[in-house]
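Let me begin by presenting the structure, written as structure tokens, before commenting on it.
Reckoned from all heavy atoms, side chains included, excluding hydrogens, waters and symmetry mates. Chain naming here is simple, since letters A, B, ... match the order of the sequence lines and numbering starts at 1 in each.
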Amino acid sequence: MSYDRAITVFSPDGHLIQVEYALEAVKKGTTAVGVKGKEVLVLGVEKKSTAKLQDPRTVRKIVQIDDHICMTFAGLTADSRILINKARFECQSYKYYYEDPIGVEYITRYIAKTQQKYTQSVGVRPFGVSTLIVGYDSKGFPKLYQTDPSGNFSSWKASCIGRSEKPVKEFLEKNYIDEMDEEQTVRLTIQSLVEVVESGEKNIDIAIMRKNKPIEFLGRTRIAEIVKEFEEEKKRKEEED
Amino acid sequence: MDSLVGFVGKNYVLMAGDTNAGRSIMRLKDDFDKLVQIDSHKILAKSGEIGDGNQFCNLIIRNVSLYRIRNETELTTKSVAHYTRRQLATAIRKNPYSVNLLLGGYDKKDQKGSLYYLDYLGSSKKINYGAHGYAALFVGSILDRFWKEDLDFEDGLELMKKCLREVEKRLIIGTRCFLIKMINSDGISVVEKVMINSEKKNEIEEEN
């Protein structure tokens, strides 16, 4: 495969091999899930298990981009830092020029544009990161967007990126219902992660984005409660069968 | 010309600015808010060129916000004062901003308010009380005489009104309307929009 040395080159069958390799890097990253409810957005991430001597609080996967926009990612953490920094700067820059807070689609397009730039520039490699961006648009509707290393972006009702993308997406497709309330959305997010995350609920972070409110991270005890409820339900179902 | 007055009290900072915006002899606006909110607990009171004031304050607000989003914590008043001063100082010999500022802020960590005096040349000084514009000529002596450390809110408001009454009385240009804001642990609040009218006093005298 000599067509993967310089990323500006197409392979004979029309692939950008480096971009596909970047997607592989994303598939190695820890899982991140985003679910859109009727008036709420929930992000869930699988936290990488930290070493014994490591401070777990310094490993943050859900970050604020602006007061009303949050994002998470899957893939190379260091690469994501660059994108997050650029996004944060762009949000303030937009407000500087237009006084209005930036739109969710606008910042998604900006991040996607940046990722695409790095697939068509000399001497650089693509970002090994897919992102999930959540926020409320100007009309007040919740929005969830996903970008990937190729620079594609699209809006989703619920999406998953990273290690367990396939099984979690199947789970979401089976169980997602339109216009869920906050409780249902949170439960769906936790449920979709609990199945695939090794070592259970201690390694899950859940963040809730409500309209015009700052982001809220769900407490450990609440997550543990909800996970317990699932397990009891599961047991009951198995006993019935 | 703009009048800005500010002083530090017991766990609060009181700031006032006149609400006039004008061009030469014309008053363009009489409800102009010169006390701009920088973040939840800081106000930048601006005076001078209106356009420069807008641009500069916008720049400071956006950069303070960027710091907050990046680092998940707010800057202290001292840091914002230093940052603002640096922006003014680097600009003065290239493309100066014609703005004089009073930066007031409350820091939750120290549980204290602080006030900084900044001017367009890049000066910065932490002060207990101060003013910009023509007000400074009249108000300086009043504050020298009556300001005390740890004034409680009622006394502070009385002192502020004393200052503003003097400005209205002695400044030949009719300033009349002032906006007073307070910063304390709860954040920024508008205390009063004061209309000081000494004409009424004359009416009473005539009756006599």
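- We find the CZ-CD distance between B:R62 and A:E99 to be 6.5 Å, quoted to the nearest 0.5 Å.
- For A:Q92 against B:I69, the heavy-atom pair with the smallest separation is NE2-CG1, 4.1 Å.
- Only the backbone of A:I65 comes within less than 4.5 Å of a heavy atom in chain B; its side chain stays farther off.
- Counting non-hydrogen atoms of other residues, nucleotides and ligands closer than 6.0 Å to CZ of A:F141 gives a total of 12 or fewer.
- Sorted by first and then second residue, the salt bridge (Lys or Arg N to Asp or Glu O under 4.0 Å) pairs with a member in residues 72-100 of chain B read A:R60-B:E72; sequence neighbours excluded.
- Note that CD1 of A:I84 and CZ of B:R70 are 11.5 Å apart. Values are rounded to the nearest 0.5 Å.
- The 12-atom threshold is not exceeded at NZ of A:K157, counting heavy atoms of other residues, nucleotides or ligands nearer than 6.0 Å.
- Nearest heavy atoms, B:L66 versus A:F89: CD2-CD1, 3.6 Å.
- Counting heavy-atom neighbours within 6.0 Å of A:R81 CZ, excluding the residue itself, gives a total of 12 or less.
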Original post:
Could you walk me through whether B:I61 and A:K95 pass the side-chain contact (heavy atoms from CB on, under 4.5 Å) check?
Top reply: CA-CA 10 Å; B:I61 293 169; A:K95 208 156 181 198; over 6 Å; no

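- Atom NZ of A:K169 is surrounded by more than 12 heavy atoms from other residues, nucleotides or ligands within 6.0 Å.
- The shortest side-chain heavy-atom distance between A:R88 and B:Y67 does not fall under the 4.5 Å cut-off.
- Heavy-atom neighbours of B:Y120 OH from other residues, nucleotides or ligands within 6.0 Å: at or below the threshold of 12.
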